[in-house]
Amino acid sequence: MRRLPLLCLAASIFSPFGPLATYAEAQAQPAPVSTTAPEASYNAVADPKAVVQFGHARFTVLTPQLIRMEWAADQKFEDHPSLVFLNRRLPVPDFSAKRHGKQLVLTTHDLTLTYTDRGDGRFTADNLSIVLSLEGKPVSWHPGLADTGNLLGTTRTLDRALGDKTQEPIGEGLVSRNGWVLVDDSQRPLFDSDNFTFAQGENSEWPWVMERPSGSRLDWYFFGYGHNYRQALQDYVTVAGRIPLPPRFAFGAWWSRYWAYSDQELNQLVDGFHQNNVPLDVLVIDMDWHLNKRQLEAMHETDQSDHDLGWSGYTWNPLLFPDPKAFLDHIHDEGLKATLNLHPASGVQPWESAYPAMAKAMGIDPATRKYVPFDITNKKFALNYMDLLHHPLEKQGINFWWLDWQQESDSKIAGINNTWWLNYVHFTDQEREGKRPLLFHRWGGLGNHRYQIGFSGDTVSVWPSLAFQPWFTATAANVGYAYWSHDIGGHMPGAVSPELYTRWIQFGAFSPILRTHTTKNPDSERRIWAYPEPYADIMRATFRQRYAMEPYIYTEARRTYDTGVAFFHPLYYDWPDADAAYTTKNEYVFGSQMIVAPVASPEDTTTHLAKESIWIPEGTWIERASGQAFAGPRTIERSFSIDQIPVYVRSGAIVPMQPPMQYTGEKPVDPLILNIYPLADGQHSNYRLYEDASDSESYKNGVCAWTPISASQSGDALTVSVAPVEGTYPGMLESRGYELRLPGDWPPASVTVNGTDLAQQGGSWSYDGNTLTTIIRIPSRSTHNALSVEIHRASGSLTARGQLNGFAGSIDRLRAAYDAVNAMWPFTWSPAPLIDASQTGDRLHYHPETAQSEIARFPPIYQQALQQLQDLADKANVPDEQLAKQLGENISAEKAQSYRASLARALALLHDGNPAH
């Protein structure tokens with residue numbers, strides 16, 4: 001029986017292995033399905049049953065751990081939504097309010113608030129306190145108490161940041177090791193609508209900013225969640241608005257470069273992506289798209305707002321773009337989206353093509369050539385700003401906007417900065433147009449989690465900048481800011497080394513947004529195919545790996561919307577009691593199935609390996625690059641070659657993927673690829689794949705689909721099940737094929753599909769011997785029917801799985817050692833045991849039935865290879881003249897040194913991948 005669309009609304013909140021569950025708890029989580037849209041309504045007026053007024057104070061119990069605390073000298077309290085807190089109409093939690101003369105004691109399941117109304121009643125340490133429990137011990141808070149354990153949030157920009165040396169301080173977050181956080185909302189302006197909703201239709205009233213009433217008053221929100229950081233963020237987005245789901249294309253690759261490109265050059269650039277088999281989704285066109293400084297100087301123009309001439313503009317540069325619409329039509333035909341760079345603080349100058357209409361609309365006679373000042377909090381200006389300046393460009397084909405830099409921080413309304421309000425105006429304008437909104441701008445402050453995506457600014461292109469970005473990106477989750485986009489490769493001053501750029505690309509592939517960028521410098525190369533090998537090939541593979549993960553990333557982004565927990569977040573959300581989860585700053589959780597620790601330091605000059613210290617959390621985690629399993633909690637020291645990314649997937653992880661694509665949505669996700677990592681005996685894993693049309697906000701109303709996937713291990717048998725799809729959306733696949741990938745395990749003895757032999761179902765399987773991955777191909781079938789695949793391996797395979805641990809990593813090191821030795825031909829060549837060992841995976845590919853014997857002989861052959869290389873190195877440890885005699889010809893001192901270095905590297909590689917270790 002088909003299920004109704006409502007069934008898919010918020011299932012991921014409760015889904016096993018979903019973001020709300022810790023890894024230890026995940027397998028016990030139930031999976032009920034909500035039938036209420038998370039954003040069915042936002043109402044700033046709390047249920048009267050949740051409100052307690054006591055003299056000059058009013059307390060609103062929003063959740064058992066979240067209390068709004070107001071004080072007003074005139075006893076007039078505020079029910080309008082503020083810029084941050086939109087929704088106070090929540091189910092009333094159980095609580096008691098007992099009055100004892102001038103004292104009020106308000107008690108919830110988790111908090112005890114005591115307030116004494118003395119004097120004017122203004123909140124002080126003498127009249128207000130809250131007690132909560134932290135790790136089984138009482139903790140008391142009072143006004144003025146410093147939040148020394150705050151885990152921080154984010155900041156507006158990383159402009160000119162050199163590592164962690166940011167120009168602007170990182171603000172406080174919503175979670176703290178102290179167990180509590182206080183948010184002071186007293187000075188923030190309000191919205192003028194009591195019932196605030198995002199999408200109201202283009203012709204509906206647009207909620208607008210207004211100042212708070214005059215008078216002495218306080219408006220505080222107390223978060224007392226202990227170390228349940230996930231619940232704190234879940235409740236925060238419930239009252240402050242959810243983190244919107246970006247359109248799917250945003251998770252593809254973005255090209256950006258500060259350069260005066262012509263339309264021909266941009267078309268050639270796109271051709272370069274296609275010719276080099278590099279996928280691309282977004283073309284970011286920087287500020288030279290409009291009339292520039294030289295052109296305006298030739299026209300004898302000046303910027304009447306006293307900003308840099310040509311820094312702003314809304315008129316296409318006719319020299320570079322003679323026919324903008326035709327150019328954008330071509331870009332769209334190539335499957336791409338386009339965005340333009342804006343610096344709106346200069347207002348609308350008289351040379352703009354839209355100036356006459358804009359001037360008239362704002363009451364200025366165009367004949368005066370007086371510019372239209374920027375005034376974004378003026379509703380009349382904002383409506384004309386969008387209708388006359390932006391909508392026409394959108395109709396030409398601009399998909400969204402990059403608000404690069406807002407020169408003035410303060411608007412004409414006290415308490416609101418222009419960055420914050422620009423984000424609101426642009427994002428909600430798209431909602432009013434019925435689009436799936438997307439914005440590219442700076443962080444404007446608390447509440448801006450509702451307006452993604454963030455542009456982090458102009459960092460310095462050095463290793464410390466790369467090393468800082470994982471921590472910075474993860475920490476932003478503490479204020480719900482889930483989608484930072486960094487300049488991959490850094491911004492300035494110019495060229496970056498191939499190694500640094502490759503490592504930055506690898507981080508980008510495992511970050512919210514993969515966008516390359518750089519400053520206007522001819523030496524700043526960001527085309528990955530312009531770099532030498534092996535870097536170009538590695539970066540190309542990394543781009544394609546990012547696209548392969550889109551089903552996983554998009555599902556995790558939907559869960560971000562449902563739960564308020566960014567899919568890229570700190571370790572301490574999941575392991576709050578482990579000190580290492582707080583101190584390990586280069587590592588983060590990437591969705592519900594993996595953790596990542598990008599390499600952010602240069603390689604060793606001898607081994608060409610980069611060393612990293614990795615914290616392994618509780619449980620069993622599989623290093624994807626090597627296939628080696630680690631049991632935590634523990635810290636390990638690991639080495640990685642330039643093509644390896646430190647990604648650790650939990651035992652039994654299910655990671656959905658898609659076939660290669662040149663851009664997002666180039667073709668249907670068919671077959672659906674399911675990577676299922678080894679499970680322990682008796683272990684059961686679940687995942688729910690999310691899909692929608694990605695072209696509107698209808699996902700908020702249940703127009704979407706979830707596909708439950710499970711895997712269970714029983715002895716030597718693995719069962720993988722795909723349940724019928726739940727829900728529907730326009731364009732949903734009614735049938736698809738499947739490809740199961742089972743890495744790091746023995747090959748099957750038999751495979752059945754719904755009880756029938758795989759071959760009889762028209763399917764097949766193969767074995768990648770280098771990674772010990774079984775690949776099972778299942779022909780297309782209805783997505784509304786259940787699929788059950790049983791993989792039976794030879795008796796005793798499960799208990800012998802330890803023999804496979806790290807095999808893929810050993811093969812990688814063998815092949816690298818093989819290349820290092822052979823590069824010294826004609827002086828030497830790889831010894832036979834080295835060739836023999838490195839060919840083990842290849843033989844397994846052809847004859848998986850020999851797996852037991854091949855794996856058994858692998859360690860001794862590996863040791864023989866290691867010993868023979870050691871013998872060669874020992875013989876080379878002689879003076880140059882003697883070495884030349886050994887090699888049979890004269891060689892230079894430089895060549896002799898290179899010979900020894902190659903042997904030393906090969907030896908180090910084999911020691912690093914030694915299966916005996």
Side-chain angles (χ1 to χ4, degrees), residues 81-84 156-157 187-193 196 198 200 202 205-212 287 290 303-308 311-315 339-350 352 354-355 357-364 370-394 398 400-433 437-455:
S82 75
L83 296 193
V84 175
R156 185 184 72 91
T157 182
Q187 302 302 317
R188 288 191 181 89
L190 307 170
F191 283 107
D192 59 10
S193 173
F196 183 93
F198 284 140
Q200 302 187 46
E202 187 171 3
E205 185 61 24
W206 202 354
W208 209 250
V209 64
M210 69 178 192
E211 295 186 27
R212 284 185 179 257
M287 57 183 288
H290 55 68
D303 189 308
Q304 296 179 33
S305 68
D306 293 328
H307 292 114
D308 290 342
W311 202 251
S312 180
Y314 300 94
T315 305
T339 180
L340 296 179
N341 176 285
L342 292 177
H343 297 80
S346 292
V348 185
Q349 302 288 332
E352 302 288 359
Y355 169 76
M358 188 69 179
K360 287 180 181 178
M362 295 305 297
I364 297 174
K370 179 182 178 181
Y371 89 110
V372 181
F374 176 77
D375 187 8
I376 196 62
T377 53
N378 179 325
K379 195 171 188 178
K380 180 180 179 181
F381 175 87
L383 285 166
N384 291 320
Y385 169 84
M386 298 310 305
D387 291 343
L388 301 178
L389 301 179
H390 296 82
H391 293 170
L393 292 166
E394 291 171 8
I398 296 304
F400 63 100
W401 297 96
W402 174 18
L403 301 173
D404 185 0
W405 185 44
Q406 178 52 45
Q407 290 96 327
E408 280 80 35
S409 60
D410 295 329
S411 71
K412 293 183 178 180
I413 293 182
I416 188 167
N417 66 72
N418 283 323
T419 301
W420 202 107
W421 197 247
L422 270 168
N423 290 342
Y424 170 78
V425 168
H426 275 268
F427 199 87
T428 55
D429 178 73
Q430 293 175 76
E431 289 181 314
R432 295 169 73 244
E433 292 183 292
L438 184 67
L439 176 67
F440 187 36
H441 196 201
R442 314 281 182 147
W443 160 258
L446 204 61
N448 266 198
H449 66 281
R450 302 191 296 262
Y451 318 120
Q452 31 72 1
I453 291 169
F455 167 54

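Hydrogens, waters and symmetry mates are skipped; everything else that's a heavy atom, side chains included, is used.
Counting non-hydrogen atoms of neighbouring residues, nucleotides and ligands closer than 6.0 angstrom, the NZ atom of K379 exceeds 12 such neighbours.
Contact annotation: the side chain of Y451 never approaches that of V425 to less than 4.5 Å [non-hydrogen atoms, C-beta and beyond]. Inter-residue side-chain proximity for F400 and E394 is flagged as unmet; no heavy-atom pair is nearer than 4.5 Å. Side-chain contact between M362 and N384 is present, with heavy atoms from C-beta onward closer than 4.5 Å. The shortest side-chain heavy-atom distance between E433 and H391 falls under the 4.5 Å cut-off. Counting only heavy atoms from C-beta outward, the side chains of D404 and L342 never approach each other to under 4.5 Å. For the pair Y355/V372, a side-chain contact is recorded, criterion being any heavy-atom separation below 4.5 Å from C-beta on. Side-chain contact between P344 and Y385: present, with at least one pair of heavy atoms (C-beta onward) separated by less than 4.5 Å. Here the side chains of D192 and V209 are not in contact, with every heavy-atom distance at 4.5 Å or above.
In terms of modelled atom types and a separation under 3.5 Å, the side chain of Q187 and the main chain of G415 share no donor-acceptor contact. Side chain of H343 to backbone of W311: a donor-acceptor contact under 3.5 angstrom is found.
Between the side chains of D303 and H307, no donor-acceptor pair of N or O atoms lies under 3.5 Å. For the residue pair N448 and H441, no side-chain donor N or O sits within less than 3.5 Å of a side-chain acceptor on the partner. In the model, H426 has no side-chain atom that pairs as donor or acceptor with a side-chain atom of W401 under 3.5 Å. Side-chain contact annotation: W206 with T428, donor-acceptor N/O pair under 3.5 Å present. Of the N and O atoms on the side chains of T157 and R442, at least one donor lies less than 3.5 Å from an acceptor on the other residue.
Here the CG-CZ distance, from L438 to F440, works out to 9.5 Å after rounding to the nearest 0.5 Å. Rounding to the nearest 0.5 Å gives a distance of 10.0 Å between CD1 of I416 and OH of Y424. Rounding to the nearest 0.5 angstrom, the gap separating the CG atom in L383 from the CG atom in L388 is 9.5 Å. Here the CD1-CG distance, from I413 to L190, works out to 10.5 Å after rounding to the nearest 0.5 Å. For the atom pair L393 CG and I398 CD1, the distance stands at 6.5 Å (nearest 0.5 Å). Taken from CE in M210 to CG in L83, the straight-line distance is 10.5 Å, to the nearest 0.5 Å.
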* To do: Begin with the C-alpha distance, continue with both residues' side-chain angles, and end with the deciding distance and a verdict on side chain to side chain contact (heavy atoms under 4.5 Å, CB included) for R450 and F427.
  => CA-CA 9 Å; R450 302 191 296 262; F427 199 87; 5.9 Å; no
* With side chain to side chain contact (heavy atoms under 4.5 Å, CB included) as the test, would you mind laying out the steps for W420 and N417 before giving the verdict? => CA-CA 6 Å; W420 202 107; N417 66 72; 3.5 Å; yes
* Asked: Where do S312 and M287 land on the side chain to side chain contact (heavy atoms under 4.5 Å, CB included) test, with the steps shown first?
  -> CA-CA 8 Å; S312 180; M287 57 183 288; over 6 Å; no
* Applying ring-ring contact (aromatic ring centres under 6.0 Å, His included), run through F455 and W402 and close with a yes or a no. => CA-CA 8 Å; F455 167 54; W402 174 18; 5.1 Å; yes
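Smallest separation of non-hydrogen atoms from E431 and P437: CG-CG, 3.1 Å. Residue G447 comes nearest to V84 through the heavy atom pair N-CG2, 4.2 Å, listed as atom of the first residue, atom of the second, then distance. Smallest separation of non-hydrogen atoms from Q304 and Q349: N-OE1, 3.2 Å. Contact between S346 and S305 at its shortest, heavy atoms only, is CA-OG, 3.4 Å. Across G444 and N423, no two heavy atoms sit closer than the pair N-ND2, 4.0 Å.
Salt-bridge check for K380 with D375: failed, with every basic side-chain N at 4.0 Å or more from each acidic carboxylate O. Under a 4.0 Å N-O distance rule, the pair E205/R432 does not qualify as a salt bridge.
Ring pair F374/F381 is perpendicular by interplanar angle, where above 60° counts as perpendicular and below 30° as parallel.
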